[in-house]
Amino acid sequence: MLMRTDPFRELDRWTQQLLGGSAAAGTWSRPNPMPMDAYRAGDDYVVAFDLPGVPQDAIELDVERNVLTVKAERRPAELPEGVEMQVAERPLGAFSRQLFLGDSLDAERIEAVYDAGVLTLRIPIAEQAKPRKIAITTTDNGQKQLST
């Protein structure tokens with residue numbers, strides 16, 4: 001099993017609390033990054049973003065000039081009267097991530113699914129970028145001609 005650790009995570013969280021108030025609160029001018037995984041599955045690239053606790057209506061997806069922008073906002077939980085927060089470590093506020101889509105991807109046919117706090121995007125590879133076979137034919141005089 002592969003485990004990834006970040007020894008500076010707690011130090012970063014403490015620094016943010018000391019300098020800026022709540023635990024890693026992102027703003028639209030300074031959004032928090034969102035973790036993601038990306039891989040190729042057949043003729044699609046799949047990108048998964050972790051957005052637990054973010055309602056679907058608080059997520060925006062935009063594509064402009066081959067730049068995909070994902071924005072989301074996690075708002076503070078509304079606590080009933082008389083309830084006092086004891087620990088608040090989950091980051092709140094704005095989250096954003098931009099991906100630069102190459103010309104080999106079809107930005108017109110991106111599919112997005114949001115399930116269990118994970119936003120999954122399927123980005124198809126453009127037809128002109130897919131590998132293809134080129135047939136070779138021969139002419140009557142023995143010279144070869146190329147055809148597609």
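Residue numbers start at 1 and run along the sequence shown.
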Would you give me the side-chain donor-acceptor pairs under 3.5 Å for residues 115-126, sequence neighbours excluded?
{"residue": "Arg122", "atom": "NE", "partner": "Asp44", "partner atom": "OD2", "Å": "3.3"}
{"residue": "Arg122", "atom": "NH2", "partner": "Asp44", "partner atom": "OD2", "Å": "3.4"}

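The shortest non-hydrogen separation linking Tyr114 to Val54 is OH-O, 2.5 Å. Scanning both residues, Arg97 and Met34, for their nearest heavy atoms gives NH1-O, 2.7 Å.
Phe100 forms part of a hydrophobic cluster together with Val67, judged by ILVMFWY side-chain heavy-atom separations under 4.5 Å. Clustering of Ile, Leu, Val, Met, Phe, Trp and Tyr side chains at separations under 4.5 Å places Tyr39 together with Val46.
Formation of a donor-acceptor pair under 3.5 Å by the Arg74 side chain with backbone atoms of Leu92 is not found in this model. With hydrogens and angles disregarded, no donor-acceptor distance shorter than 3.5 Å links the side chain of Arg109 to the backbone of Glu111.
Atoms CG and CG, from Asp106 and Leu101 in turn, are 10.0 Å apart once rounded to the nearest 0.5 Å. For the atom pair OG of Ser96 and CD of Glu60, the computed distance is 9.5 Å after rounding to the nearest 0.5 Å.
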Steps toward side chain to side chain contact (heavy atoms under 4.5 Å, CB included) verdict (Lys71, Thr69): CA-CA 6 Å; Lys71 293 180 183 178; Thr69 303; 4.0 Å; yes
Val47/Asp37 under side chain to side chain contact (heavy atoms under 4.5 Å, CB included): CA gap, chis, key distance, verdict: CA-CA 6 Å; Val47 184; Asp37 290 336; over 6 Å; no
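Side-chain contact between Asp62 and Leu68 is absent, with no heavy-atom pair separated by less than 4.5 Å.
Within a 6.0 Å radius of CZ in Arg40, more than 12 heavy atoms belonging to other residues, nucleotides or ligands are found.
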